[in-house]
Structure formats: C-alpha cells, structure tokens
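Have a look at the structure below, then the notes.
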Amino acid sequence: MTIQLFNTLKRTKEDFVPIDAKRVRMYVCGPTVYDYAHIGNARPVVVFDVLYRLLREIYGEDHVIYARNITDVDDKIIKRALDSGESISDITKRTEQAFLDDMSALGALRPDVQPRATEHIANMITMIGKLVAAGHAYVVEGHVLFGVSSYKDYGHLSGRNRDEMIAGSRVEVAPYKKDPADFVLWKPSTDDQPGWESPWGRGRPGWHIECSAMSEKHLGPTFDIHGGGQDLIFPHHENEIAQSTCAHGGSKFVNYWMHNGYLMAEGEKMSKSLGNFYTVHDLRDEFPGEAVRLTLLKTHYRQPLDFRKDGIREAKKELDDFYLALRNAGVKADVPDTVAGPVMAALGDDLNTPKAIAHLFELKTKLNAATDASQKARLKGELLLAGDLVGLLGQDPETWLRGDDKSASGLSDSDIDAMIEKRKQARANKDFATSDRVRDELAEQGILLEDGATGTTWRRQ
RNA sequence: GGCGCGGUGGCGGAGUGGCUACGCAGCGGCCUGCAAAGCCGUGUACACCGGUUCAAAUCCGGUCCGCGCCUCCA
C-alpha cells in the first residue's frame with residue numbers, strides 16, 4: 001500500500017515513494033544529553049516511532065533503517081559540567097541511559113542505529129574539508145564557517161529568503177562573518193573545553209554538522225525521510241540541507257521532511273520558571289508510560305498539543321477500559337494476518353493516529369458486545385494487532401489491571417484474594433451487609449471489585 | 001517588524017463544501033442482591049464579522065485571541 005506524508009519541503013501531503021523499497025531510510029534528530037528528556041523531546045520520539053512501525057509493516061522489518069543521533073558534544077553540556085562539577089562523560093553517559101529508559105517506557109522501539117556525535121568527529125572533519133575545498137566554507141579566526149551565498153537554495157525549507165532573515169535579525173552578527181547568515185561548522189576550543197585536532201586547529205564541531213555527517217555515514221548521501229520538531233526547521237534543518245547538499249556535489253539530501261508540532265503544558269508555554277516543565281522521568285513516577293504515549297498520540301502529530309496531567313489521567317482510564325475488554329473477552333486471541341483496513345488507512349493518511357485510535361475504540365466496543373467465542377477471539381486479535389501498530393495494548397491485561405503487588409506497602413494479592421473469598425461466603429449467605437463492607441474496605445485501598453458471570457475479579461486503581 | 005501554525009459540543013480531539021467521527025465526563029434504560037464493568041440511548045459544536053454557493057464548521061476577505069521560529073543561542 002502507498003501512504004501519504006506531509007512534506008515540509010512542499011507544504012503538502014504527497015505519496016511516499018522510497019528510493020529503495022528494500023532499504024527505506026529515516027533519520028530523526030535525537031537528544032542533546034545534558035538533562036532528562038521532557039515531554040517536548042518525547043513527542044517526536046513517539047510520533048516517529050509510529051512511522052517506523054508503519055514502514056516496517058509495509059516494507060518489512062528488515063527493510064527499514066531508522067537512525068537517531070545522540071548529541072554528546074555541545075556547549076549546553078559543557079556549561080552543565082561547569083555548573084555541577086560532574087564530568088562531561090559522566091553527564092552524557094548517565095543522561096543517555098536515562099533517555100533510553102524513558103523512551104522505552106513510552107513504548108518506543110530502539111532505532112536501528114543510534115550514532116553518537118563524539119564517535120563521528122572524523123566524519124565531520126572530512127565533510128568540512130570537502131566544503132572548504134569546494135569553496136562552500138571558509139576559515140577565519142580559527143572558525144570554519146559555511147558561506148550561505150554559495151548555496152542558491154538556502155532558505156527553501158523554512159520558506160524564507162535571505163534578505164528577510166537579515167532584516168529581521170535581532171542577534172548580533174559575529175564580525176568575522178562574510179554574510180550574516182553564515183553559520184559555524186567548526187569552532188576552536190580552549191584547553192578546558194572538549195576538543196579534537198583538525199586541519200583548523202584543536203576545536204569542536206558546530207551544532208548542525210553532526211547530523212549531516214552521521215546521516216551520510218549510516219544512511220548514505222541521499223535518503224528518504226528526515227524528521228524532528230517544528231522548532232528545528234530553522235536554522236538546524238535548513239543548515240543541514242545546505243551542508244549535505246554542497247558536500248555531495250548538489251545531489252538531493254532528503255526526499256521527505258517531516259516535523260511535529262509544538263507542545264504547551266497546562267495551557268501555558270512550557271517553561272521551568274512556571275514549573276510546568278514535565279520530564280518523562282518525573283511523569284513515570286505518577287503514570288504508566290503507556291498512558292503518556294496514548295496522550296501524545298491522541299493528537300495528530302502536526303497539531304499543537306497542550307499537554308495536561310488531566311489528559312494523562314483520561315488516557316489511563318481509556319487504557320484501563322481496553323485492558324478490561326481484553327481480559328474480559330476470556331478467549332485466546334485469534335490474530336489476523338493483516339491490520340484492520342480502517343486503521344491502516346488512517347495511519348497511511350499522514351499518520352492520523354487520533355483516527356486510528358478511534359477505530360481501536362470501535363473494535364473494543366465490538367469485542368465487548370460479541371457473544372460468540374470465535375468472534376471474540378477474532379476481534380481480540382484484531383484489536384491487539386492494530387494496537388501494536390501504534391505501540392499500544394502490548395502488555396498483559398492482568399498485569400496492567402492489577403499493577404504491582406503492594407505487599408510491602410499495602411494489601412498483597414493474596415490478602416485481596418482472602419478478602420474476596422470472605423465476601424463470597426457472605427454473599428452465599430445473603431449477608432449483603434458484610435459483603436458490601438468488604439468491598440468498601442477494599443475500595444478504600446484502591447482495589448475495585450467486579451462481579452462477573454464466572455466469579456469476582458479485581459483491579460488496582 | 002518578517003515568516004508560519006492554531007481557535008470544533010462541559011473537556012480531549014478527527015473531519016474539511018451536503019451524510020452519527022471517536023473518546024472522557026454527565027443523564028436515561030438494560031443487566032446486577034446493590035454496585036462495578038458492559039451494552040443500548042442521549043449533545044440545536046465548529047472564535048467573530050462579511051462574502052461566494054442551491055448548500056460552509058469546511059472556500060474567499062477582514063477582525064480578535066493563543067502559539068512557534070527569526071542563525072552558532074538558554
């Protein structure tokens with residue numbers, strides 16, 4: 001099947017045609033590892049994880065290569081090390097691990113390649129060398145700068161022309177620049193800053209060059225999809241295009257550029273001073289990662305998203321209902337070969353996850369209403385398969401509903417079973433006062449009882 | 001100032017010329033000892049003002065409000 005994707009380059013939806021259907025390649029800008037990932041960092045990870053799953057479904061698991069970088073050299077990291085006293089390598093290692101843990105809690109698959117910037121310095125130096133040799137970059141005061149006037153299409157992605165940029169500039173322009181829009185490829189490091197020997201002296205890469213060098217190494221000079229947050233369109237992606245295109249003799253860099261919309265938190269622009277800067281690490285203490293994932297996917301990826309804790313609570317409730325339906329079906333899933341048509345159609349239409357999830361709800365309702373065992377098994381299988389495509393509903397329902405055994409801090413599973421047994425006796429004797437008291441006591445502990453045809457089941461709130 | 005995005009029922013959120021989105025919450029019914037869960041039913045929504053059209057939330061113009069980016073930087 002052919003899917004459609006919104007291409008920022010063209011500002012319109014287009015049919016997605018891979019360069020090589022046996023080797024579909026996508027690159028997404030990853031984190032700078034100096035602090036816990038916040039929810040704004042998580043959105044592209046989750047969104048492009050759905051795209052990755054969809055591409056694997058269509059082209060085959062072995063025919064999609066997904067690369068996401070780890071930026072482990074950056075002035076923010078240097079500053080953090082200076083402020084905290086922790087060594088740069090400790091900061092980056094610890095933060096990278098936290099990032100991977102957090103993203104996996106959100107149900108994101110590991111990319112096939114996760115290149116680190118510090119392991120690709122040689123590739124960057126080579127690329128910068130080519131740019132200098134070809135006259136696209138120049139050396140001044142220990143800096144290597146890309147000269148934007150050497151690339152006629154500069155500004156195409158972000159839809160701006162250079163005159164506007166200069167006119168609207170509110171930032172002081174470094175005096176050594178030939179053109180105010182020129183940007184740094186390589187800059188000198190002082191002795192106490194991380195640095196590498198290069199033809200231009202000891203220094204470190206500028207922000208943009210790493211993505212160009214790493215995508216070239218792992219995906220080749222031209223590849224299919226490049227993704228990231230909308231805030232990266234300018235200057236980061238614009239500069240990547242300029243660098244890569246010029247380093248490759250003018251050949252096309254990326255066919256489809258995709259950008260997710262920005263986030264707010266609790267109706268406000270996210271900011272540390274307002275205290276609404278949610279990190280995934282903190283949210284995980286309060287909510288299951290899957291509820292955070294669903295919250296992100298309930299809004300189309302290009303729409304603005306106001307991220308609220310009430311929204312996560314609602315998503316948690318919805319997941320409870322899904323897992324309840326899966327458990328209560330009481331049959332083994334009969335999983336079909338292909339994902340339900342409406343779900344594929346929704347995702348194939350520029351990743352319409354809200355619509356895909358609406359179909360998940362419809363499947364759930366059908367499953368709950370079904371009476372025939374084979375029909376239930378089929379619907380359960382359809383729901384699970386469709387859920388998997390968006391990275392949801394993959395947990396064991398009983399585990400989800402019962403949560404962790406709280407024997408240390410509260411009622412253990414066996415305590416609960418004993419009380420349910422006691423209540424069962426009371427009900428058999430029509431002693432409903434005792435029966436209801438037991439249920440209330442459990443409810444106070446957050447344990448909900450549900451009397452079904454085959455006995456009483458329970459779950460933790 | 002420049003470029004761009006968005007404003008849908010109590011809430012979240014699709015849709016984008018005529019047909020129930022979907023979900024959460026609420027209300028009514030069925031089921032239940034009572035509940036819960038589930039099923040069924042239930043909402044004169046599309047920021048405002050003009051215009052185009054047989055028909056607009058959907059197209060066009062204007063207004064208001066919210067937000068993003070504007071270069072080496074937090």
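Residue numbering restarts at 1 for every chain, and letters A, B, ... go by the order of the sequence lines. Values below: every heavy atom of this structure, side chains too, minus hydrogens, waters and symmetry copies.
- A/Thr434 and A/Asp436 are not linked by any side-chain donor-acceptor pair at a separation below 3.5 angstrom, with hydrogens and angles left out of the test.
- Between B/A35, B/A74, B/A14, one nucleotide has an atom nearer to the side chain of A/Thr299 than all others, and that is B/A14.
- When ring centroids are compared, A/His208 and A/Phe183 come within the 6.0 Å threshold.
- In the model, A/Gln230 has no side-chain atom that pairs as donor or acceptor with a side-chain atom of A/Asn260 under 3.5 Å.
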Between protein and nucleic acid, restricted to nucleotides 65-67 of chain B and to nitrogen or oxygen atoms under 3.5 Å apart, what atom pairs and distances do you find?
from, atom 1, to, atom 2, distance (Å)
B/G66, N2, A/Tyr262, OH, 3.3
B/C67, O2', A/Tyr262, OH, 3.3
B/C67, O2, A/Tyr262, OH, 3.1

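- In the region residues 417-447 of chain A, proximity to RNA chain B at under 4.0 angstrom, judged on heavy atoms, holds for A/Arg423, A/Arg427, A/Phe432, A/Ser435, A/Asp436, A/Arg439.
- Across the P atoms, B/U44 and B/G62 are found 35 Å apart, a figure rounded to whole Å.
- Within the cation-pi definition used here (under 6.0 Å to the ring centroid, within 45° of the axis), A/Lys178 qualifies as a partner of A/Tyr138.
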Practice task
Convert the base pairs of RNA chain B into dot-bracket notation, remembering that pairs crossing earlier ones are written with [ ] and that bases paired across to another strand are shown as |; include only Watson-Crick or G-U pairs under 3.5 Å.
Solution key: (((((((..(((.....[...))).(((((.......)))))....(((((..]....))))))))))))....
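- If you check the side chains of A/Ser149 and A/Asp179, you find no donor sitting under 3.5 Å from an acceptor.
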Handout entry: Candidate pair A/Lys317 and A/Glu314, rule salt bridge (Lys or Arg N to Asp or Glu O under 4.0 Å), full reasoning
Key = CA-CA 5 Å; A/Lys317 208 277 178 192; A/Glu314 186 175 302; over 6 Å; no
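- Note: CG (A/Asp321) to P (B/C22) measures 16 Å, nearest angstrom.
- The side chain of A/Lys355 sits closest to B/A14 out of B/A14, B/U71, B/C24.
- For B/G15, one of the phosphate oxygens OP1 or OP2 lies less than 4.0 angstrom from a side-chain nitrogen or oxygen of A/Asn352.
- The residue among A/Gln303 and A/Arg11 whose nearest nucleotide of RNA chain B is located toward the 5' end is A/Arg11.
- Comparing A/Glu314 and A/Asp349, the nucleotide of RNA chain B nearest to each residue sits closer to the 5' end for A/Asp349.
- Rounded to a whole Å, the CG atom of A/Asn368 is 13 Å from the C1' atom of B/C40.
- For A/Arg308, the listed nucleotide lying nearest its side chain is B/C11; candidates were B/C11, B/U71, B/A37.
- Taking atom CZ on A/Phe361 and atom P on B/C22, their separation rounds to 12 Å, with Å as the unit.
- Here the P atom of nucleotide B/A37 and the CZ atom of A/Arg327 are 13 Å apart, to the nearest Å.
- Not one side-chain nitrogen or oxygen of A/Lys298 sits closer than 4.0 Å to the OP1 or OP2 atom of B/C22.
- Within the cation-pi definition used here (under 6.0 Å to the ring centroid, within 45° of the axis), A/Arg302 qualifies as a partner of A/Phe6.
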